[in-house]
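Comments concern the structure below.
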Amino acid sequence: MKKIVIVGGGAGGLQLATSLGRHFAFNRFGRRIKSPAAQVTLIDKNRTHIWKPLLHQVATGALDSSLDALNYQVHARANGFHFELGSLQGLNRGGKTIELAEVCGEDGKPLVPARELEYDYLVIALGSQSNDFNTPGVRDNCQFLDSAEQAQKFHNKLLDRFLQLENRVRDTVAIAIVGGGATGVELAAELVDAVHEMGHYGRIKNGDLKVTLIEAGPHLLPALPPRLGNSSAKELTNLGVRVLTGTQVAEANANGFVTKDGEEIPADIRVWAAGVKAPDFLQQLDGLALNRQNQIEVEATLRSKSDPNIFALGDCAGCIDAQEHKVPPRAQAAQQMAKTARDNLINLVEKPEAPLQPFTYKDHGSLVSLSKFDAVGSLMGGLVKGSLTIEGRLAGLAYRSLYRMHLAALHGWPKAMLLYLIGQANRFVKPRLKMH
């Protein structure tokens with residue numbers, strides 16, 4: 001029996017583990033196979049999965065991660081794969097083993113010792129982390145939104161500041177966000193909505209929160225046409241957000257940001273959302289070839305250029321696809337890569353003589369939510385001919401459908417729609433903002 005080990009339970013890694021688990025563990029009638037051709041194991045340092053594009057909602061309290069998170073262990077049991085809690089600590093390519101670090105409890109005491117796992121095929125899907133571009137003070141003074149844990153930390157800080165506003169310990173709270181991409185724009189809009197919702201439960205007013213969004217480029221949302229970036233800036237400005245474009249940050253400190261022009265932007269909470277890179281830890285993985293963004297260099301088949309038994313997908317993979325295009329670090333790319341990796345791994349196990357399929361990235365466009373106020377984006381590919389820019393309700397509907405499609409890939413459409421309906425019911429009976 002072949003052993004397929006997947007490290008990283010993000011959008012791509014979890015989808016891959018789910019589809020491979022179903023393929024090898026169940027027959028076409030849904031019954032478990034007694035002697036499967038392969039055993040699939042997923043490894044993640046967290047117990048639960050939350051879709052990364054939703055982390056800005058976890059940060060503001062618009063989304064309760066305890067309700068919307070997916071438990072890896074439960075999902076693994078239902079879909080025919082194994083789950084191991086742990087974080088990758090080392091790789092031995094010669095021995096085809098990986099080492100997982102010890103698992104510690106909240107008190108810091110070890111729960112599970114460091115251990116080794118064998119593999120025949122290893123898939124690395126560790127995602128990405130914020131890129132501070134070595135800007136002085138950022139690591140020590142800024143909040144990041146790379147994980148549910150970081151989003152919850154931001155949420156706790158936000159609630160503390162709301163408490164001070166409620167009791168008039170302070171008159172205003174200033175939040176500055178560096179990075180005018182999707183994360184920065186969506187977070188700014190959600191913060192405005194959060195203050196509005198808090199006003200229903202206390203004495204906080206809309207003007208009590210001062211939000212500044214800082215973008216180094218000429219317009220917001222650089223991945224979208226300038227018109228949509230400018231439209232988003234206008235909408236945010238109307239909501240009371242101070243939008244600064246063409247502004248480069250030179251330093252972060254405990255009081256805020258300092259721009260290259262010497263302007264000081266005060267901020268009680270400082271958020272860095274300006275660009276991503278693959279985790280620095282990948283440099284320690286037994287000599288795997290990396291590019292300048294720390295991404296693992298892979299062939300178009302998603303096989304590592306250094307080792308035919310190792311694959312990489314998602315944000316941590318440096319891939320030039322079959323059409324000679326560099327694949328961007330986006331959730332839709334990770335999900336598409338998971339499908340190609342699935343087919344290639346199944347062939348390696350069941351039809352080793354068959355050639356591997358190259359990956360071709362299909363850009364379906366980008367959508368950005370401005371909370372309940374608006375949405376903007378562009379649709380491409382099979383849905384429309386060429387490219388179509390959309391705004392307003394249509395864009396909002398398309399944006400919400402992305403998460404449902406993610407759920408469908410993990411659970412199938414019937415269960416995905418049931419989960420959606422349960423979520424809507426929860427929002428009807430519970431406050432729209434998580435306040436604890």
Side-chain angles (χ1 to χ4, degrees), residues 1-43 75-84 91-98 117-126 288-289 296-314 316-325 327 332-362 382 408-412:
M1 181 171 64
K2 297 293 185 180
K3 295 179 180 179
I4 300 174
V5 175
I6 303 166
V7 182
L14 180 58
Q15 183 174 318
L16 177 60
T18 301
S19 58
L20 286 177
R22 290 171 183 166
H23 178 86
F24 288 118
F26 302 105
N27 62 24
R28 60 178 179 173
F29 303 108
R31 297 175 182 172
R32 281 192 175 267
I33 299 172
K34 292 184 178 179
S35 300
Q39 172 185 296
V40 180
T41 300
L42 175 67
I43 298 165
H75 188 72
R77 173 63 182 172
N79 291 278
F81 65 92
H82 298 270
F83 172 67
E84 287 271 354
L91 168 65
N92 181 347
R93 292 200 283 134
K96 298 177 78 171
T97 62
I98 60 170
L117 292 181
E118 297 179 346
Y119 68 84
D120 291 291
Y121 299 108
L122 175 66
V123 182
I124 301 175
L126 287 171
L288 287 180
I296 299 171
E297 292 189 337
V298 297
E299 307 286 352
T301 59
L302 304 181
R303 252 180 170 168
S304 165
K305 292 183 177 181
S306 307
D307 193 319
N309 299 309
I310 296 177
F311 289 73
L313 58 85
C316 72
C319 178
I320 305 297
D321 73 0
Q323 301 297 322
E324 298 296 322
H325 296 142
V327 181
Q332 63 171 301
Q335 291 169 317
Q336 292 176 36
M337 285 176 163
K339 294 178 182 178
T340 298
R342 171 193 182 275
D343 294 341
N344 284 339
L345 287 165
I346 289 173
N347 278 345
L348 285 171
V349 172
E350 298 178 346
K351 305 173 184 177
E353 71 285 351
L356 300 187
Q357 298 300 312
F359 172 67
T360 299
Y361 174 61
K362 297 178 181 179
L410 300 179
H411 304 290

Side chain to side chain contact (heavy atoms under 4.5 Å, CB included) between I43 and I98, worked out: CA-CA 11 Å; I43 298 165; I98 60 170; 3.5 Å; yes

Residue of the set V5, V7, L345 for which side-chain contact (heavy atoms from CB on, under 4.5 Å) holds with V123: L345

Backbone of Q335 reached by a side-chain donor or acceptor of Q15 within 3.5 Å: yes

Flag side-chain contact, heavy atom, 4.5 Å: L14 against L410: yes

Note, T340 side chain near L302 side chain (heavy atom, < 4.5 Å): yes

Salt bridge (Lys or Arg N to Asp or Glu O under 4.0 Å) pairs, two or more places apart, involving residues 4-31: none

Residue pairs passing the salt bridge (Lys or Arg N to Asp or Glu O under 4.0 Å) test where at least one lies in residues 299-314, sequence neighbours excluded: R93-D307

Enclosure of K96 NZ (heavy-atom neighbours >12, cutoff 6.0 Å): yes

S304 vs L288 side-chain heavy atoms within contact, under 4.5 Å: yes

With F81, the side-chain contact (heavy atoms from CB on, under 4.5 Å) member among T18, L20, I4, L16: T18

Pairwise distance CD1(I346) to NE2(H23) - rounded to 0.5 angstrom: 4.0 Å

N79 side chain to G21 backbone, donor-acceptor under 3.5 Å: no

Polar side-chain atom of S306 near backbone of A289 as donor-acceptor pair, under 3.5 Å: yes

ring-ring contact (aromatic ring centres under 6.0 Å, His included) involving F24 - partner list, sequence neighbours excluded: none

Nearest heavy-atom neighbours spanning C319 and A300: SG-CA, 4.5 Å

Pairwise distance CD1(I320) to OH(Y361) - rounded to 0.5 angstrom: 13.5 Å

Test item: L42 and V40 side chains (from C-beta on) under 4.5 Å apart, heavy atoms: no

Inter-residue atom distance M337.CE - Q332.CD, 0.5 Å rounding: 11.0 Å

Within 6.0 angstrom of E350 CD, more than 12 heavy atoms from elsewhere: yes

Heavy-atom check, side chain of Y121 versus side chain of L348, under 4.5 Å: yes

Side chains of K2 and Y119 in contact at under 4.5 Å (non-hydrogen atoms): no

F359 vs Q336 side-chain heavy atoms within contact, under 4.5 Å: yes

Backbone of Q357 reached by a side-chain donor or acceptor of N344 within 3.5 Å: yes

Where A334 and G314 come nearest, the two heavy atoms and their spacing: CB-CA, 3.7 Å

